[in-house]
Chemist: 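Please read through the structure below; I'll follow up with questions.
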Amino acid sequence: MMLCNFSEFRYKEVINVRSGTRLGYVCDAQFQSPEGRITALIVPGKPRYLGLFGREDDYILPWECISRIGEDIILVESDHGIRRGKSAPKRWFS
């Protein structure tokens with residue numbers, strides 16, 4: 001069993017095993033409250049035209065799609081589970 005801090009996820013590259021696509025690096029996670037269970041990892045979309053026109057939609061990777069977390073890589077295995085969209089806005093106070 002490998003122990004890992006969430007801050008270490010930012011340095012792990014995410015790869016879709018089915019297509020061989022390199023999705024990028026984890027930037028955020030979605031948690032289910034109050035259990036504190038991780039429901040999805042978020043990988044930012046690729047920059048558009050040298051970053052001058054923003055980014056593509058983020059990859060939102062449900063936890064069920066993650067097949068393996070290694071020392072320096074996260075393998076995702078899904079054709080339909082990977083969604084594209086903007087992650088929910090951060091709310092510090094409800």
Chemist: Looking only at heavy atoms, which two atoms of P44 and D58 are closest? And how far apart?
Modeler: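 Nearest pair, atom of P44 first, then D58: CA-OD1, 3.4 Å.
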Chemist: Determine whether a donor-acceptor pair (N or O, by modelled atom type, separation under 3.5 Å) exists between the side chain of K12 and the backbone of Y25.
Modeler: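 Such a contact is absent between K12 side chain and Y25 backbone.
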Chemist: Take L41 and V14 through the side chain to side chain contact (heavy atoms under 4.5 Å, CB included) test and state the conclusion after the steps.
Modeler: CA-CA 10 Å; L41 294 178; V14 180; 5.8 Å; no
Chemist: Which pair of non-hydrogen atoms, one from L23 and one from V43, has the smallest distance, and what is that distance?
Modeler: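 Residues L23 and V43, closest heavy atoms: O-CG1, 3.3 Å.
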Chemist: Drop me the distance from S67's OG to L75's CG, to the nearest 0.5 angstrom.
Modeler: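 Separation between the atoms: 5.0 Å.
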Chemist: Mind checking the CD-CD spacing from E71 to E8? Nearest 0.5 Å is all I need.
Modeler: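 That separation rounds to 9.0 Å.
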Chemist: In terms of hydrophobic clusters joined by side-chain contacts under 4.5 Å, are V26 and I69 together?
Modeler: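 Result: yes, single cluster for both.
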Chemist: Could you tell me if the side chain of R68 sits less than 4.5 Å from the side chain of I74, heavy atoms only?
Modeler: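 I74 does not reach R68 side chain to side chain.
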Chemist: Indicate if I15 and F9 have the same hydrophobic cluster label, given that clusters are the connected sets of ILVMFWY residues with side-chain heavy-atom separations under 4.5 angstrom.
Modeler: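 Looking at the clustering, F9 is in a separate group from I15.
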Chemist: Could you walk me through whether T39 and W63 pass the side chain to side chain contact (heavy atoms under 4.5 Å, CB included) check?
Modeler: CA-CA 5 Å; T39 58; W63 190 254; 5.7 Å; no
Chemist: Any chance you could lay out the side chain to side chain contact (heavy atoms under 4.5 Å, CB included) test for I66 and E77, step after step, and finish with the verdict?
Modeler: CA-CA 6 Å; I66 297 169; E77 190 170 352; over 6 Å; no
